[in-house]
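Before any comments, here is the structure.
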2 protein chains.
Amino acid sequence: MAGVAGDRRIVSEGAGEPATLSEVAYQRLRADIVSGALDAGKPLRLEALKQRYGLSFSPLREALMRLQSERLVFSTALRGFSVAPLSRAEMKDATETRILIESDALRRSMRNGDDDWEAAIVAAFHALSLQAERQSRLSGEVGAVDMHAMDERHYQFHRALIAHCGSPRLLDLADQLYVETQRYRLPCLVGRVAGTPARDVAAEHQQIMDATLRRSEDAVRYLAEHYRRTADIIEASTVWPSSA
Amino acid sequence: MAGVAGDRRIVSEGAGEPATLSEVAYQRLRADIVSGALDAGKPLRLEALKQRYGLSFSPLREALMRLQSERLVFSTALRGFSVAPLSRAEMKDATETRILIESDALRRSMRNGDDDWEAAIVAAFHALSLQAERQSRLSGEVGAVDMHAMDERHYQFHRALIAHCGSPRLLDLADQLYVETQRYRLPCLVGRVAGTPARDVAAEHQQIMDATLRRSEDAVRYLAEHYRRTADIIEASTVWPSSA
DNA sequence: CAATAGAAAATTTTCGAAAGAAATCCAATC
DNA sequence: GATTGGATTTCTTTCGAAAATTTTCTATTG
């Protein structure tokens, strides 16, 4: 029965939530852009995407529209879509905006946060540490799967810090900026062995967490430094397109 | 020839820019939501919208998707779209987020701004003053057209202040938050004669501009106070839905 | 009389084809 | 030889109908 024309079940079978094909298109396109499977700047021809994902125009266009407002896709009126290009300027803007948003969110979170909030931070930090340790033990060949797991924990830790800020907008923006900056982080992580200047990321996280739990303004400074350090490393170790 | 089936010219005839029907749908829906022509919380049935705007599913859905990521429209997977509801909490969140964004943008703008920037601010202030004066002279019946013109100048003034911040993201966010908060401002403006506690908005603008031109940190404080004052008035004079 | 299952209606979502623009190519002209 | 004009091709955008899903209604049962 599978593959027969007219077989377009929508309901999710497994654990995931994508109830519509539009959502599927969005998630897959986003993943492929962030991971670099779709090259930056490359035009996204509808026919090719239809082929690639086995979906038709409508859900694809809806997904692209959504990705456009998240700055992952660029488009001009009657000239179609393309993967948003990468550039130093964009990377820096995303980083600084992220610092602005998360600094405020962290301050508010420290003001509002309760015991559960603290517990969640400690738990997320622990999970991240375990994953990092596991990774370093099996070092050398870092599988893509591990990198994905690592990234997920990293995301969860940073999100736990600001989770109690009380502003849905700030949380949304932080999420969006996390994804945007991930485009620059990921390719840097893959071939990172080369120019790594002995950075102890785990220690930085510990420092941020400790300051956060004692409600110190230092936490905000450490967080900003953490992000700027990453940005600097990315800027240095990325091969930027000619005129950007 | 007009109206004949198959007559779907896309190219804009007049001065405007909407090159696609998707763009038309976006602009009209947005205007109708902001102005309150479409009630907050009301379901947006595709068939009804198709009727109302004379467009078909595809462009409407694309526009709704875009409006959803701008928080003007709400949607659930297979249950369709609705106008995003209004609430005290959302209004406050939008206001505080706007203050966060624009404060930073204003500081950067004061750092980067050149002569042209200053000239543009003065010009925008002047245009706003003229419009306000014209309006107060013809007071009593304030036409909707005048209100629209007034709002445009108001927007232009606030935008001129932060125009040179150098961050496309901050400018986009400011624009988005301007539109979001306009939903709360507009209905309040229409019937404002009642509870107005003798507020001199023009003076507030002048104060912000003066401080900005002399590159004083006061500008940021005045701007925040300006927005919070507006939020307070809105909160007091709005009839909020029962449980929000 | 409330609760439930099943059919009917309403609505959203998706598709494939058709219409409309832009980009490309090619020949004719200056 | 460069340039302009027009046809051809490629691609985006839009439509209307078909499929899938949710909601509503109704009859039946405990």
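In what follows, chains carry the letters A, B, and so on, assigned in the order in which the sequence lines appear, proteins first and then strands, with residues in each chain numbered from 1. Keep in mind it's a predicted model, so treat the numbers as computed, not measured. Quick note: numbers below take in every heavy atom, side chains included, and nothing from hydrogens, waters or symmetry partners.
Scored by the side chain to side chain contact (heavy atoms under 4.5 Å, CB included) test, B/Arg61 finds A/Glu62, B/Leu46, B/Phe81 as partners (sequence neighbours excluded). With sequence neighbours left out, the side chain to side chain contact (heavy atoms under 4.5 Å, CB included) criterion links A/Gln51 to A/Glu47. The ring-ring contact (aromatic ring centres under 6.0 Å, His included) search around B/Phe74 returns none, not counting sequence neighbours. Listed by chain and residue number, A/Phe157 satisfy the ring-ring contact (aromatic ring centres under 6.0 Å, His included) test with A/Phe125 (two or more places apart in sequence, or in another chain). Residues passing the side chain to side chain contact (heavy atoms under 4.5 Å, CB included) test with B/Ala120, sequence neighbours excluded: none.
In this structure, CD of B/Glu23 is placed 15 Å from C1' of D/dT12, rounded to the nearest angstrom. Computed from coordinates, the B/Phe81 CZ to C/dT12 P distance equals 9 Å when rounded to whole Å. The CD-C1' distance, from A/Glu47 to C/dG16, rounds to 11 Å in whole Å. B/Leu21 places its CG atom 17 Å from the P atom of D/dT12, with the value rounded to the nearest Å. The distance between atom NZ of A/Lys50 and atom C1' of D/dT10, rounded to the nearest whole Å, is 15 Å. Here the C1' atom of nucleotide D/dC11 and the CG atom of A/Leu78 are 10 Å apart, to the nearest Å. Remark: C1' of C/dG16 and CG of A/Leu55 are 14 Å apart, rounded to the nearest angstrom.
Once rounded to the nearest 0.5 Å, the distance linking CD of B/Glu102 with CG of B/Leu177 reads 8.0 Å.
Less than 4.0 Å separates DNA chain C from at least one heavy atom of each of the following residues of residues 58-70 of chain A: A/Ser58, A/Pro59.
Side-chain N/O atoms of A/Arg79 include one lying less than 4.0 angstrom from OP1 or OP2 on C/dA23. Contact check, B/Arg45 against C/dT12: a side-chain N or O comes under 4.0 Å of OP1 or OP2.
Under the 6.0 Å distance and 45° angle rule, A/Arg66 counts as a cation-pi partner of A/Tyr26.
The residue B/Phe57 sits close to a base: some heavy atom pair falls under 4.0 Å.
Along DNA chain D, the nucleotide nearest B/Ser56 and the nucleotide nearest A/Gly80 are compared for position; the residue whose nucleotide lies closer to the 5' end is A/Gly80.
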